[in-house]
Undergrad: 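Dumping the structure here so I can ask a few things about it.
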There are 2 protein chains.
Amino acid sequence: MRWREIGETTCSVARTLSVIGDRWTLLILREAFLRTRRFDDFHAHLGLTRHVLTARLNTLVDEGVFEKVRYQDRPPRFEYRLTEKGLDLYPIVIGLTRWGDRWMAGEDGAPVELVHRECGHTMLPELGCPECGGPVNARNVEARPGPALRALLTNDDGARMRRAAPRDDKEKTR
Amino acid sequence: MRWREIGETTCSVARTLSVIGDRWTLLILREAFLRTRRFDDFHAHLGLTRHVLTARLNTLVDEGVFEKVRYQDRPPRFEYRLTEKGLDLYPIVIGLTRWGDRWMAGEDGAPVELVHRECGHTMLPELGCPECGGPVNARNVEARPGPALRALLTNDDGARMRRAAPRDDKEKTR
DNA sequence: CGAGTGAGTTCCTAATTGGAACTCACATCT
DNA sequence: AGATGTGAGTTCCAATTAGGAACTCACTCG
């Protein structure tokens, strides 16, 4: 299986990674959440090549994570703004920050601190259950097949991801 | 800047991505959270090449995300188990699942449903503030320099990431 | 003894990155 | 008018990485 095909599998993790799983993409998003919007600023802050930056911004626009907004005419210039779909990636970026703060900090401590505006506290966000309010972690959650996967389960052979069958585009699992 | 150098920057997102930001790594972790532990099972479920799988498992072990545990002697065989550090990546994998369920589901609906064992509800976890219990999102959190970054801020020139200076390994930002 | 297993390795080809320079459409300065 | 500057890409080539398929190793089993 090639990396470019992972978005076609029946797996939400893989589908998400098909949009934001390439090198540099999540760092571009980190910058976007820090209010960077223009090509040259992304380039200067991140140090990736302009070539790759162009490619990443284009797919992010194609996928609806950014929208390209004109901010001046003559010469026409555009900036990249997070859409609602893009803003909803925040928990992922926070998750990366939280883990880095907790496990990768050197002796100088964490590079960034997160402050919750509503209460003013410095904190590390935690996942919670919107139904009961309790904490959510690896040990108290069960992943069950959802509707899309149950539809495929009838003739599953155990492979969670499979290449597209030659003609029938529906033949992949999880 | 080369991708391999991002772990040396003063940024928690970049440091985390230096461990789990390569192609396939997060899918390997998804599998691990679904209780896959052996080489051939990862290979069969994911369809990546054995070559890349070997490389990814090795860095994950080096970084302390997996530990290699012997499960039989003669011939000696090992399996890969998530450590505490690895289990703590769960919020990231859940974040990816949640976004995929919400934004990438086709008309068949979500591939997976998450059930909270403590209350029995199917749910999409949300980030909350451990201090006040309120919701955490892109609009109500402020990222401030933490101790490690404040130490560097005295002579910052605006670049958030910078290559290591030729000899002085401390000269990078964010 | 021959076949099977689990976990890698090797080798070679195909993609994807990294670096650096070049282009284009204007705006401004001298 | 001509020179210089800006923001946002493009192009080209060398260096890394990934994809495929076959091969190896140390044993176990029938």
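In the text below, chain A, chain B and the rest are named by the order of the sequence lines, each starting its count at 1.
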Undergrad: Is there a continuous path of hydrophobic side-chain contacts, each under 4.5 Å between heavy atoms, that joins A:V93 to A:V115?
TA: no

Undergrad: Nearest whole Å is fine: how far is D:dA26 P from B:Q72 CD?
TA: 15 Å

Undergrad: Quick one: which of C:dG8, D:dG7, D:dG9 gets closest to the side chain of B:T54?
TA: C:dG8

Undergrad: Mapping A:W3 and A:F39 to their closest nucleotides on DNA chain D, which lands nearer the 5' end?
TA: A:F39

Undergrad: B:F42 has an atom CZ; how far is it from atom C1' of C:dG8, in whole Å?
TA: 15 Å

Undergrad: Report which part of the nucleic acid A:R74 touches: base, sugar-phosphate, or nothing (heavy-atom distance under 4.0 Å, all strands).
TA: sugar-phosphate

Undergrad: Picking from C:dT17, C:dT10, C:dG6, which would you name as closest to the side chain of B:R77?
TA: C:dG6

Undergrad: In terms of hydrophobic clusters joined by side-chain contacts under 4.5 Å, are A:W24 and A:W3 together?
TA: yes

Undergrad: Round to a whole Å and report the spacing from CG of A:D73 to C1' of D:dT6.
TA: 16 Å

Undergrad: Tell me the interatomic distance from A:H51, atom NE2, to C:dT16, atom C1', rounded to whole angstroms.
TA: 8 Å

Undergrad: Starting from C1' on D:dA8, measure out to CZ on A:R70 and report it in whole angstrom.
TA: 14 Å

Undergrad: Please determine, for the side chain of A:V52, which listed nucleotide (C:dA21, C:dG6, C:dG18) has the closest atom?
TA: C:dG18

Undergrad: Which nucleotide in the list C:dG6, D:dA8, C:dG8 gets nearest to the side chain of B:R50?
TA: C:dG8

Undergrad: Under a 3.5 Å cutoff, is there a donor and acceptor pairing between the side chains of B:T36 and B:D41?
TA: no

Undergrad: Please output the side-chain donor-acceptor pairs of residues 64-78 of chain A that fall under 3.5 Å, not counting sequence neighbours, one pair per line with the distance.
TA:
from	atom 1	to	atom 2	distance (Å)
A:R70	NH1	A:D73	OD1	3.1
A:Q72	NE2	A:P75	O	3.0

Undergrad: Between C:dG6 atom C1' and B:H43 atom NE2, what is the distance in whole Å?
TA: 12 Å

Undergrad: I want to confirm an ordering. Mapping A:L48 and B:P76 to their closest nucleotides on DNA chain C, which one lands closer to the 5' end?
TA: B:P76

Undergrad: Heavy atoms from C-beta onward define the side chain here; which of C:dA7, D:dT28, C:dG18 lies closest to that of B:D40?
TA: C:dA7

Undergrad: How long is the straight-line distance from CG of A:L89 back to CD1 of A:I94, given to the nearest 0.5 Å?
TA: 12.0 Å

Undergrad: Given C:dT16, C:dC26, D:dG20, which nucleotide is nearest the side-chain atoms of B:R23?
TA: C:dT16

Undergrad: From the set D:dT17, D:dG9, D:dG19, return the single nucleotide nearest to any side-chain atom of A:R2.
TA: D:dG19

Undergrad: Which part of the nucleic acid does A:Y80 contact within heavy-atom distance under 4.0 Å: base, sugar-phosphate only, or nothing?
TA: sugar-phosphate

Undergrad: Heavy atoms from C-beta onward define the side chain here; which of C:dG8, C:dT17, D:dA18 lies closest to that of B:R56?
TA: D:dA18

Undergrad: Between atom OH in B:Y71 and atom P in C:dG6, what is the gap in whole Å?
TA: 7 Å

Undergrad: Send over the distance from A:R4 CZ to D:dG19 P, rounded to a whole Å.
TA: 10 Å

Undergrad: OP1 or OP2 of C:dG18 sitting under 4.0 Å from any side-chain N/O of A:W24?
TA: yes

Undergrad: Starting from the C-alpha separation in whole Å, work towards a yes-or-no answer on side-chain contact (heavy atoms from CB on, under 4.5 Å) for B:S18 and A:M104.
TA: CA-CA 10 Å; B:S18 74; A:M104 305 293 283; 4.3 Å; yes

